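The residues of the chain are indexed from 1 along the displayed sequence. If you're wondering where the values come from, they're calculated on a predicted model, not measured in any experiment. These values consider heavy atoms only, across backbone and side chains, with no hydrogens, waters or symmetry-generated copies.
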Amino acid sequence: MAHEIGEVLRQLRRVRGLTQAELYTGVLSARQAIRVENGTSELKARDLIPILARLGLTPNEFQAQLSNNLSFKPLTAPEILAGQAVLRKLSRWVDWALTSAEIAALKHYALAASALSIQEILQMQLASTRLDPVSGAIVRKRLVRDLQVYQDAPGYREAMFSLITNNAYSEAFAGHVVAAKAAFDQAHQYVHDGYAALQLVFNQALLADSPAGALYQETEPFVFGVWRLGERHLADGLIDNRRHILMGRKIHPRWLPEEIGALARLNASAPPAALPEAGLDWASFPGLREALGTHSLTDYLQAEPKLG
């Protein structure tokens, strides 16, 4: 057992780009650290806790790593730093405007790095949404597989629901209705609260074989109800996702005031540094310039969802 713990700690340390001194100083002596990683010395439980904290792992997550005999491929320290710097940006705002160099660093990191904790898996999921479709699908498939080792850990169901629904969104936004339906169906087994259940019903309704008008009519009560409950950011998210899905299906008729309002409010909540210097990337919002006419996006900040 000492050999197994030491070997896993050694691999985790290398994946993190840490030296033995950085991981063990203040907990183990240099000689003790070598012996632990070689499996020739037992590690006391009281010493393991601070070491795991430095690795960013909970005891449950470390036990899952240990039980599943996982192995990892380390990156170089500069590769780790470059990828994690971009992830920190995306954790603040997923649509942060990135340079081509940042996209390249993110892609390399996301395709090669090992996500060691549930939190890192969810962060890597953010990265997958900014990659090209093929790379993004590869990363999401691996993350779902990696998350399986945490089935008995707190937060597993929520994380799996998030991974699968984000995969469904990627398919829906690309107009792949059949694949999106399958992913949303799969997510049902990981529903963990009322909003998750509502989210599934809302999105599955948008994939029905109905005209756009009927889809708006069926889903607007969900949006309005969430808005009236005071969950306005969530309501804006529903509005924006609905627009994305209808655009992906090529049945979005026109920009509604509430859709422009949702985009304006979501845009206003972004860190100023996250937005492109030149303003909106109009190519990402087909038809918006024409819908605005002589108005600006900020003119619609008060455009709220309405029934009827």
Side-chain angles (χ1 to χ4, degrees), residues 1-85 87-88 90-91 109-127 139-164 189-193 196:
M1 185 67 169
H3 174 73
E4 293 173 359
I5 291 176
E7 173 61 19
V8 172
L9 285 175
R10 182 180 64 82
Q11 290 196 50
L12 294 175
R13 174 178 63 77
R14 289 182 173 180
V15 169
R16 285 283 193 256
L18 300 173
T19 64
Q20 286 188 337
E22 288 170 328
L23 182 58
Y24 301 116
T25 293
V27 181
L28 302 176
S29 69
R31 184 177 179 181
Q32 286 174 320
I34 291 172
R35 289 174 61 82
V36 164
E37 289 196 355
N38 287 341
T40 57
S41 180
E42 294 280 351
L43 183 64
K44 296 178 181 178
R46 69 167 183 264
D47 294 330
L48 179 60
I49 300 303
I51 291 171
L52 293 183
R54 292 177 185 179
L55 289 169
L57 292 170
T58 66
N60 282 335
E61 288 171 337
F62 180 69
Q63 182 59 51
Q65 303 275 7
L66 200 60
S67 300
N68 286 273
N69 193 29
L70 300 181
S71 60
F72 309 104
K73 178 183 178 181
L75 296 171
T76 65
E79 290 170 334
I80 293 171
L81 291 174
Q84 290 184 346
L87 277 182
R88 282 194 295 274
L90 299 184
S91 67
Y109 183 78
L111 289 172
S114 301
L116 305 180
S117 67
I118 292 177
Q119 181 182 6
E120 285 179 318
I121 287 174
L122 293 176
Q123 288 175 335
M124 201 74 82
Q125 169 192 266
L126 290 180
V139 171
R140 284 189 293 274
K141 184 176 181 180
R142 190 193 74 217
L143 293 177
V144 169
R145 185 187 67 239
D146 290 350
L147 189 57
Q148 297 291 342
V149 305
Y150 296 131
Q151 291 186 44
D152 298 323
Y156 167 75
R157 289 179 62 83
E158 293 91 333
M160 187 61 80
F161 181 85
S162 180
L163 281 180
I164 295 173
Q189 61 186 302
Y190 300 106
V191 168
H192 51 280
D193 60 25

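- Listed by chain and number, the residues in a side-chain hydrogen bond (donor to acceptor under 3.5 Å, both in side chains) with R35 amount to none (sequence neighbours excluded).
- Residues forming a side-chain hydrogen bond (donor to acceptor under 3.5 Å, both in side chains) with Y190 (at least two apart in sequence, or on another chain): none.
- Evaluation of the side-chain hydrogen bond (donor to acceptor under 3.5 Å, both in side chains) rule for R13 yields E37 as partners, not counting sequence neighbours.
- Looking at residues two or more places apart in sequence or on another chain, you find no side-chain contact (heavy atoms from CB on, under 4.5 Å) involving R157.
- Checked against side-chain contact (heavy atoms from CB on, under 4.5 Å), K44 has the following partners two or more places apart in sequence or in another chain: R46, D47.
- A distance of 11.5 Å separates CG in L87 from CD in Q125, rounded to the nearest 0.5 Å.
- Among all heavy-atom pairs drawn from A110 and V139, the shortest one is O-CG2, 3.7 Å.
- Listed by chain and number, the residues in a ring pair (Phe, Tyr, Trp, His ring centres under 6.0 Å) with F161 are H192 (sequence neighbours excluded).
- The two atoms that bring N60 and P154 nearest to each other are ND2-CD, 3.4 Å, heavy atoms only.
- Considering every non-hydrogen atom in both I49 and P59, the closest pair reads CD1-CG, 4.0 Å.
- Rounded to the nearest 0.5 angstrom, R14 CZ and Q20 CD are separated by 8.5 Å.
- For the pair L90 and A127, the tightest heavy-atom approach, listed with the atom from each and the gap, is CD1-CA, 4.0 Å.
- Here the side chains of L12 and L52 are not in contact, with every heavy-atom distance at 4.5 Å or above.
- What you find for V36 and L9 is that their closest heavy atoms are CG1-CD1, 4.3 Å.
- Every residue meeting the side-chain hydrogen bond (donor to acceptor under 3.5 Å, both in side chains) condition with T19, not counting sequence neighbours, appears here in chain and number order: E22.
- A 4.5 Å side-chain heavy-atom check between F62 and L55 finds every atom pair outside the cut-off.
- Closest non-hydrogen pair, L48 versus L43, comes out as CD1-CD2, 3.6 Å.
- Here T76 contributes atom OG1 and L81 contributes atom CG; the two are 8.5 Å apart, rounded to the nearest 0.5 Å.
- Taking the side-chain contact (heavy atoms from CB on, under 4.5 Å) definition, one finds that E61 meets it with L57, T58, S117, I118, Y150, sequence neighbours left out.
- Between I51 and L23, the closest side-chain pair of non-hydrogen atoms falls below 4.5 Å.
- To the nearest 0.5 Å, atom CG of residue D146 and atom NZ of residue K141 are 12.5 Å apart.
- The number of heavy atoms from other shown groups lying within 6.0 Å of CD (Q119) does not exceed 12.
- Remark: R54 pairs with no residue by the salt bridge (charged side-chain N to carboxylate O under 4.0 Å, His left out) rule, at least two apart or across chains.
- A donor-acceptor contact shorter than 3.5 Å links the side chain of S91 to the backbone of R88.
- Here L122 contributes atom CG and L143 contributes atom CG; the two are 9.0 Å apart, rounded to the nearest 0.5 Å.
- With sequence neighbours excluded, the residues forming a side-chain contact (heavy atoms from CB on, under 4.5 Å) with Q151 are Q148, Y156, listed by chain and number.
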